[in-house]
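Index from 1, following the sequence.
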Amino acid sequence: MTIAAPEFATLTPGQLTVCTYGGFAPVCYKNPVGQLIGLDVSFLTRFAESLGLAIGLIEKPFDGIWALPGANDCDVAGAGIMKRDDRPVGAGGSWSDPYFQVKRSLLVRATDKREFDDYKSLSGKKIVVTRGSTADIDAKKRYPGCNIEFVDKVAMDRPDAQEYIVKTLIAKHQADGFGEGDVSNQYLRNKYDKDVDGGLALADVHPIDNLTETFNFITRNASSGILERLNAFIAKNKGCYAP
């Protein structure tokens, strides 16, 4: 008697293992008790459930996270990642279809918004970005006269790096801008506006390199059947990814 092969395979039977980065609220971040949550986590949890799988989350640094499925660290990587030619996933990984899109932005003190909107004249400002992110790539090109600092340096070992950057560094004029996608900076502005004297604002909202910046997942090729099913799930559900 021939036993039919399973329709899909995962790194750990019965579980979809996901590599993510916990510093991009509301896309992926930690709640007060340290659990990874957010839009990407919720979307992939629903995808796993549609396959009858549990989800297992592994927190990783953002820089290079796109290579981890191809290195057999996880079935899927998801952390608001843009598909780019300079982000090789290796022979063992593949990009999914896009499921969301954002623009670049700076979160600044509201009193500084006009100055930051005139981005070509910016000089000497301290802008914080996540290492290896599109904010990192964009800021180095767009703000050559500014000082670009990394989250893993200025907020090292902080339980909530985003909160620290906004409520301490920006509020106390120890940093001038936080480079993130507009969906993240809008979330941070809404959450922390009252904690910064004069409030917060999004400045210099723009597409990176005049491109449409999409979010894409990366899948492990050896997790057979996952990419096809994930793309089908994206096609059906991307319209309700974010409220």
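With rounding to the nearest 0.5 angstrom, the CG atom of Asn190 is 4.5 Å from the CD atom of Gln186. For the atom pair Leu44 CG and Thr20 OG1, the distance stands at 8.0 Å (nearest 0.5 Å). Atoms CG and CD1, from Asp160 and Ile165 in turn, are 9.0 Å apart once rounded to the nearest 0.5 Å. Expressed to the nearest 0.5 Å, how far NZ of Lys60 lies from CG of Asp63 amounts to 13.5 Å. The SG atom of Cys19 sits 4.5 Å away from atom CG of Leu68, with the distance rounded to the nearest 0.5 Å.
For residues 15-36, the set of pairs meeting the ring pair (Phe, Tyr, Trp, His ring centres under 6.0 Å) definition, not counting sequence neighbours, comprises Tyr21-Phe24, Tyr21-Phe62, Phe24-Phe62, Tyr29-Tyr187. Annotation: side-chain hydrogen bond (donor to acceptor under 3.5 Å, both in side chains) contacts involving residues 210-220, sequence neighbours excluded, comprise Asn72-Arg220, Arg104-Glu213, Thr134-Glu213, Thr214-Asn216, Arg220-Ser223. Counting only residues at least two apart or on different chains, the side-chain hydrogen bond (donor to acceptor under 3.5 Å, both in side chains) pairs with a member in residues 35-50 are Asn31-Gln35, Asp40-Tyr99, Asp40-Tyr241.
A donor-acceptor distance shorter than 3.5 angstrom exists from the side chain of Thr10 to the backbone of Gln15, with no hydrogens or angles considered. Side chain of Ser94 to backbone of Asn221: no donor-acceptor contact under 3.5 angstrom is found. Side-chain N or O atoms of Asp73 include none that pairs as donor or acceptor with a backbone N or O of Pro69 at under 3.5 Å. A donor-acceptor pair is defined here as one N or O able to donate and one able to accept, closer than 3.5 Å; such a pair exists between the side chain of Ser121 and the backbone of Asp118. Between the side chain of Asp75 and the backbone N or O of Leu11, at least one donor-acceptor pair lies under 3.5 Å.
A chain of hydrophobic side-chain contacts below 4.5 Å, direct or via other Ile, Leu, Val, Met, Phe, Trp or Tyr residues, connects Val196 to Leu202. Note on Trp95 and Ile137: separate hydrophobic clusters, where clusters join Ile, Leu, Val, Met, Phe, Trp and Tyr whose side-chain heavy atoms are under 4.5 Å apart, directly or indirectly. Under the 4.5 Å side-chain heavy-atom criterion for ILVMFWY residues, a single connected hydrophobic cluster contains both Trp66 and Val41. Leu188 and Ile170 end up in the same hydrophobic cluster when Ile, Leu, Val, Met, Phe, Trp and Tyr side chains are linked at under 4.5 Å. Transitive grouping of hydrophobic side chains (ILVMFWY, heavy atoms separated by less than 4.5 Å) brings Leu169 and Leu200 into a common cluster.
Ion pairing between a basic and an acidic side chain is recognised when a charged N comes within 4.0 Å of a carboxylate O; Glu163 and Arg158 show no such pairing.
Every residue two or more places apart in sequence or in another chain that forms a salt bridge (Lys or Arg N to Asp or Glu O under 4.0 Å) with Lys113 is listed here: Asp117. Every residue two or more places apart in sequence or in another chain was checked for a side-chain hydrogen bond (donor to acceptor under 3.5 Å, both in side chains) with Glu228, and none qualifies. Glu115 pairs by the side-chain hydrogen bond (donor to acceptor under 3.5 Å, both in side chains) definition with Lys125, not counting sequence neighbours. Listed by chain and residue number, nothing satisfies the salt bridge (Lys or Arg N to Asp or Glu O under 4.0 Å) test with Asp97 (two or more places apart in sequence, or in another chain). Every salt bridge (Lys or Arg N to Asp or Glu O under 4.0 Å) that Asp204 has, sequence neighbours left out, goes to Arg142. Residues forming a side-chain hydrogen bond (donor to acceptor under 3.5 Å, both in side chains) with Lys83 (at least two apart in sequence, or on another chain): none.
The nearest pair of heavy atoms linking Ala48 to Ala54 is CB-O, 4.1 Å. When all heavy atoms of Ile65 and Pro61 are compared, the closest pair comes out as CB-O, 3.7 Å. Contact between Ser123 and Cys146 at its shortest, heavy atoms only, is N-SG, 4.2 Å.
In this structure, the side chains of Glu59 and Leu36 come closer than 4.5 Å at one or more pairs of heavy atoms. In this structure, the side chains of Val18 and Phe217 stay at 4.5 Å or more apart for every pair of heavy atoms. By the 4.5 Å heavy-atom criterion applied to side chains, Ile218 and Val76 are not counted as neighbours. For the pair Asp195/Val166, no side-chain contact is recorded, criterion being any heavy-atom separation below 4.5 Å from C-beta on.
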For residues 86-93, please give each side-chain donor-acceptor pair under 3.5 Å, one per line with the distance, not counting sequence neighbours.
| residue | atom | partner | partner atom | Å |
| --- | --- | --- | --- | --- |
| Asp86 | OD1 | Arg84 | NE | 2.9 |
| Asp86 | OD2 | Arg84 | NE | 3.4 |
| Asp86 | OD2 | Arg84 | NH2 | 3.1 |
| Arg87 | NH1 | Met82 | O | 2.9 |
| Arg87 | NH2 | Gly132 | O | 3.0 |

What donor-acceptor contacts under 3.5 angstrom involve side-chain atoms of residues 176-184, with partners at least two apart or in another chain?
| residue | atom | partner | partner atom | Å |
| --- | --- | --- | --- | --- |
| Asp176 | OD1 | Arg109 | NH2 | 2.8 |
| Asp176 | OD2 | Lys126 | N | 2.9 |
| Glu180 | OE1 | Gln162 | NE2 | 3.0 |
| Glu180 | OE2 | Gln162 | NE2 | 3.4 |
| Asp182 | OD1 | Lys103 | N | 3.2 |
| Ser184 | OG | Ala25 | O | 3.0 |

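Remark: the Ser133 side chain and the Asp136 side chain contain no N/O donor-acceptor pair separated by less than 3.5 Å. Side-chain contact check for Asn185 and Ser105: at least one donor-acceptor pair (N or O, by modelled atom type) lies under 3.5 Å.
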Asp152 and Met156: side chain to side chain contact (heavy atoms under 4.5 Å, CB included), yes or no, with the steps? CA-CA 5 Å; Asp152 59 7; Met156 182 170 50; 6.0 Å; no
Run the numbers on Arg229 and Phe47 for side chain to side chain contact (heavy atoms under 4.5 Å, CB included), then give the verdict. CA-CA 9 Å; Arg229 285 165 175 77; Phe47 169 62; 4.0 Å; yes
ring-ring contact (aromatic ring centres under 6.0 Å, His included) assessment of Phe100 paired with Phe43: CA-CA 11 Å; Phe100 195 60; Phe43 194 80; 9.8 Å; no
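Counting heavy atoms of neighbouring residues, nucleotides and ligands inside a 6.0 Å radius, atom CG of Asp193 exceeds 12 of them.
Shown are Leu230, Ile226, Leu16; of these, the side-chain contact (heavy atoms from CB on, under 4.5 Å) with Leu51 is made only by Ile226.
By the 4.5 Å side-chain criterion applied to Ile, Leu, Val, Met, Phe, Trp and Tyr, Val129 is assigned to a cluster that also includes Leu106, Val108, Phe116, Tyr119, Leu122, Ile127, Tyr143, Ile148, Phe150.
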